[in-house]
Amino acid sequence: MTDDETPLERERRAKAERLRGEGREPYPWSFVGRVPSDDVRLRCSTLAPGEEAPGEPVRVAGRLKAFRVHGKTAFGDLEDRAGTIQLLLRADSMDAGEFERWLRDLDPGDIVGADGVPAVSKRGEPSVHVRAITLLAKAIAPPPEKFHGLQDVEERLRRRYLDLLASPETRALFRARSQLVREMRQYLDAAQFLEVETPVLLPVAGGAAATPFVTHSRYLDADVPLRISLELPLKRLLVGGLERVYELGRAFRNEDMDTTHSPEFTELEAYWAYADYHDMRRLVEGLFGHLAERVRPLLPDSAAAQQAARDFTPPFATVDFVDELERRSGIRDLLAKGVDELRELARGIGSTVPDRSGPGVFLDKLFEHYVEPHLERLTFVVDHPSVTTPLAKRHRSKPGRVERFEMFYRGFELGNAYTELNDPDEQERRFREQLGGPGGDAYAYDADFVRALRHGMPPATGIGVGVDRVIMGLTGTASIKDVILFPLVRPR
RNA sequence: GGGCCCGUAGCUCAGCCCGGUAGAGCAGGCGGCUCUUAACCGCAAGAUCAGGGGUUCGAAUCCCCUCGGGCCCGCCA
C-alpha cells in the first residue's frame with residue numbers, strides 16, 4: 001500500500017487479506033451485547049481455580065495486549081475501559097481449525113471480540129474460556145513495546161493515541177482531568193453560577209497583556225485576534241444583569257512555550273455581582289478542597305497525586321504582596337519608589353524588560369525573582385500595588401493597592417482574582433496609562449468595554465483560573481503538556 | 001534568543017570517553033510446547049546508527065552545520 005510500509009506491517013496486512021479471503025471481514029461494523037471486563041471478573045470471584053460457569057455465556061471485546069501460546073492452549077490479555085481480562089483459548093473448546101487459524105492471524109494490538117464463559121485458570125487468573133473469536137479491527141501497525149510502553153517523550157506528545165493505548169497511567173490521568181473539570185462545573189452550578197460561552201474571535205483581544213494569535217475574516221476583510229482572556233465579555237454580562245456567570249474555555253497566547261505555558265490553554269473565569277474578593281477567596285478555597293477530595297480516589301496509585309490532594313486541602317498560606325517582596329528582597333518602602341528607582345532594581349536582578357515599561361512591570365519582575373520561586377505550597381498572595389493591575393478596584397483601606405489575590409503552587413501561578421473595577425472613568429484612565437507603556441504587550445484599549453461600564457456594572461468579584469495548571473497541581477505532573485491531550489508541537 | 005543533554009531495528013535499550021566495519025530484549029517469521037500472565041525453548045530474519053559536510057587508511061564513535069525533542073535561563077499572564 002504505502003511506500004514506507006515495514007515488513008511487520010506487510011505481514012499483518014497479509015493476515016487481514018487472508019481472513020478477508022476466507023469471508024471474514026477484518027473491519028466489521030459492530031459487536032453488540034458485550035459486557036465490560038470487570039463484569040466478568042465479578043462473575044469469576046465465586047469460582048475456584050480451574051472452575052468455570054458454563055451456564056453464563058459472556059461476550060467481551062477490547063484490544064489484545066499480549067498473547068501466550070502453549071501448543072494447544074493459549075492465553076490472551078484483553079483490555080477494555082474497565083481493565084483487562086484474560087482470554088483462555090483451547091483447541092478442543094473451539095470449532096475445528098479455529099484455534100490454529102487465530103494463532104496464525106491474530107497479533108497483539110488487534111481489536112477482538114470473544115464469546116465464552118467465565119472461568120478461573122488453574123493458576124487463579126479470572127478469564128473468559130473462549131468458544132469463538134471475532135476480529136473487530138486488524139492492527140496493521142504494531143503497538144509499542146509491551147512492557148516498557150512508549151518511552152520517547154516526543155512520540156508520546158506527537159502520537160498521543162499510542163501513549164494512551166500503551167499506558168494505563170496516561171489514560172487514568174486524562175480520565176481524572178475530565179472528571180475534575182466536571183467537578184468544577186458542578187461546584188459552580190451548585191453555587192448558582194450560569195455557564196456561558198463567549199467569543200473566541202473578537203474585535204480586540206483584552207483582559208490580559210499578551211500577544212494574540214491573529215486570523216483573518218474574508219467577509220469582513222479584517223484581521224481578527226483570538227481571545228487571550230475571557231474577562232471582558234463576561235463582565236459585560238454582569239452589566240447585562242446575569243449576576244453570576246462562568247466560562248470554561250480555551251484562551252490563546254502567542255508566546256513561548258515551557259513547562260507551565262501552552263499557546264492554547266484552558267481557563268476558568270467566574271464573575272460574581274454583589275460580592276468582593278473575600279467572598280471569592282472563600283469560594284475558590286471551597287472549590288480546591290472539593291477537587292482535592294475528588295482526585296484522591298481517581299488516582300489512588302499516584303503518590304504525587306495523593307500528596308497534591310493534601311496540598312489542595314484548606315487552609316492555605318497567605319502573604320501580602322508588598323510585605324513579602326520587601327521581606328525577601330530586603331528592599332524598603334517599595335511603594336514610595338519612582339519608576340526610575342524600580343527600573344534600576346529590576347536591572348539589578350538581570351531583568352531585560354524594556355526601559356519604557358511602567359512601574360508595575362518592574363514590580364512584577366521583582367516579585368517573580370524574589371518571591372515566586374519560594375511559593376512551593378499553595379499560597380494566596382494578596383493586595384498587589386495598583387500599578388501592576390489595571391482591572392482591579394483600589395483597596396478600601398491600603399493606599400496604593402488593589403483588592404486582588406493570586407494563587408501560587410510549586411512556584412507557578414494557578415489563578416488570579418479581584419474585586420473588579422467598575423468605575424468607568426477610572427477604567428478608562430487605567431487603560432490609557434497602560435497604552436503609555438511600550439507597544440507590544442500592553443492591555444489593549446477596549447472602548448466598548450468602557451462604554452458598557454458607563455451603563456453601570458454592579459460591585460463584583462471575578463477570578464481567572466489556569467485549569468491546566470490546577471490539573472497539573474492536583475495530579476502531581478511536571479509539565480503542562482502532560483495534561484493536554486494533543487499539545488502543539490513543531491511540524492515535521 | 002543563550003547554555004546543557006538526547007536522537008542506534010516497528011518499540012525498549014547497549015555500543016560512543018579510548019575510531020577497526022552494529023549487539024540484545026520485545027514485537028514479527030519458521031519449528032516445539034494443554035495453565036501462562038514481561039510465559040518458555042530452538043532456528044532464521046530485521047538498521048540510509050536523525051540528515052548533511054569534514055578529519056582519517058578506516059567514523060555510530062572525533063569535529064562542524066542543519067532538523068527534531070527534553071531540561072535550565074531569558075522573554076512572556
Side-chain angles (χ1 to χ4, degrees), chain A residues 4-15 49-50 65-78 84-93 99 103-104 106-109 119-127 129 139-159 162 166 205 207-212 228-229 231 251-263 265 267 349-354 357 361 364-365 368-369 372 388-389 391 406 412-416 440-441 443 464-466 469 478-479 481 487 489-492:
Chain A
D4 58 351
E5 181 181 63
T6 66
L8 267 81
E9 289 173 352
R10 232 184 335 270
E11 198 71 47
R12 285 165 170 251
R13 194 167 266 121
K15 294 180 183 182
K65 301 289 288 187
F67 208 44
R68 299 175 290 279
V69 182
H70 295 248
K72 296 281 185 281
T73 302
F75 302 90
D77 295 333
L78 192 73
T84 62
I85 189 73
Q86 178 168 270
L87 303 181
L88 196 173
L89 283 74
R90 282 173 46 169
D92 55 14
S93 304
F99 181 84
L103 243 55
R104 191 187 61 193
L106 232 40
D107 290 297
V120 172
S121 73
K122 289 175 188 168
R123 295 288 177 88
E125 181 72 25
S127 308
H129 187 167
I140 299 301
E145 209 257 7
K146 68 179 176 185
F147 185 63
H148 299 91
L150 191 63
Q151 293 298 320
D152 187 277
V153 175
E154 182 178 355
E155 284 297 293
R156 294 176 74 149
L157 299 178
R158 285 183 188 273
R159 306 177 71 197
L162 283 183
T211 308
I228 56 175
S229 143
E231 178 153 357
F252 307 85
R253 294 181 186 179
N254 204 344
E255 313 274 0
D256 288 0
M257 309 166 60
D258 61 33
T259 47
T260 56
H261 294 82
S262 170
F265 60 102
E267 256 205 302
I349 55 164
S351 171
T352 58
V353 288
S357 305
V361 172
D364 276 335
K365 287 294 138 203
E368 284 167 21
H369 179 261
E372 279 185 23
T388 63
T389 315
L391 293 162
E406 285 184 293
F412 57 83
E413 187 195 344
L414 295 178
N416 184 20
D441 286 345
Y443 282 64
V465 175
R469 291 178 176 186
S479 168
K481 287 178 179 173
V489 284
R490 196 178 297 277
R492 68 175 173 191

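Naming: A, B, ... by sequence-line order, numbering from 1 per chain. Heavy atoms only: backbone and side chains are in, while hydrogens, waters and symmetry mates are out.
- Distance A:L87 CG to B:rU34 P: 20 Å, rounded to the nearest Å.
- With sequence neighbours excluded, no residue satisfies salt bridge (charged side-chain N to carboxylate O under 4.0 Å, His left out) with A:E11.
- Under the rule for a ring-ring contact (aromatic ring centres under 6.0 Å, His included), A:H148 has no partner lying at least two apart in sequence or in another chain.
- The base of B:rU37 lies close enough to the side chain of A:E125 for a donor and an acceptor atom to sit less than 3.5 Å apart.
- Listed by chain and number, the residues in a side-chain hydrogen bond (donor to acceptor under 3.5 Å, both in side chains) with A:E267 amount to none (sequence neighbours excluded).
- Counting non-hydrogen atoms under 4.0 angstrom, A:G149 reaches the backbone sugars and phosphates but no base.
- Across all strands shown, A:L88 has heavy atoms under 4.0 Å from base atoms, whether or not it also approaches the sugar-phosphate.
- Using atom C1' as the reference point in both B:rG7 and B:rG15, the two lie 15 Å apart (nearest Å).
- Atom CE in A:M257 sits about 17 Å away from atom C1' in B:rG1, given to the nearest Å.
- With sequence neighbours left out, A:D364 forms a side chain to side chain contact (heavy atoms under 4.5 Å, CB included) with A:F321, A:E368, A:T388.
- In this entry B:rG7 has B:rC67 as its Watson-Crick or G-U wobble partner, both defining distances falling under 3.5 Å.
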For nucleotides 25-32 of chain B, print each protein N/O atom paired with a nucleotide N/O atom at under 3.5 Å, atom names and distance only.
residue	atom	partner	partner atom	Å
B:rC26	O3'	A:K146	NZ	3.4
B:rA27	OP1	A:K146	NZ	2.9
B:rG29	OP1	A:K15	NZ	2.7

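- Partners of A:F67 by ring-ring contact (aromatic ring centres under 6.0 Å, His included), not counting sequence neighbours: none found.
- Side chain of A:R469 to backbone of A:L414: no donor-acceptor contact under 3.5 angstrom is found.
- What separates CZ of A:F75 from P of B:rC33 is a distance of 16 Å, to the nearest Å.
- Considering only residues two or more places apart in sequence or on other chains, A:D107 meets the salt bridge (charged side-chain N to carboxylate O under 4.0 Å, His left out) condition with A:K15, A:K138.
- For the salt bridge (charged side-chain N to carboxylate O under 4.0 Å, His left out) test, no residue two or more places apart in sequence or in another chain qualifies with A:R490.
- Legend: residues meeting side chain to side chain contact (heavy atoms under 4.5 Å, CB included) with A:P7, ordered by chain and number and at least two apart, are A:R10.
- Rounded to a whole Å, the NE2 atom of A:H129 is 11 Å from the C1' atom of B:rC35.
- In this view, A:S93 and A:R90, A:H129, A:R131 satisfy the side chain to side chain contact (heavy atoms under 4.5 Å, CB included) rule, not counting sequence neighbours.
- When heavy atoms are screened at a 4.0 angstrom cut-off, A:E406 is found touching base atoms of the nucleic acid.
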Taking N or O atoms only and anything under 3.5 Å, show me the protein contacts with nucleotides 69-71 of chain B, one pair per line.
residue	atom	partner	partner atom	Å
B:rG69	OP1	A:R490	N	3.2
B:rG69	OP2	A:R490	NE	3.0
B:rG69	O4'	A:E154	OE1	3.2
B:rG70	OP1	A:K481	NZ	2.7

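- Regarding A:Q151, its CD atom lies at a distance of 13 Å from the P atom of B:rC11, rounded to whole Å.
- Between A:E155 atom CD and B:rA50 atom P the separation is 15 Å, expressed in whole Å.
- Between A:D256 and A:H70, the residue anchored nearer the 5' end of RNA chain B, judged by the nucleotide with its closest heavy atom, is A:H70.
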Show each protein N/O and nucleotides 43-45 of chain B N/O combination with a separation under 3.5 Å, one pair to a line.
none

For this session: Could you check A:K72 against A:D92 for side chain to side chain contact (heavy atoms under 4.5 Å, CB included), going step by step and ending with a plain yes or no?
Result: CA-CA 8 Å; A:K72 296 281 185 281; A:D92 55 14; over 6 Å; no

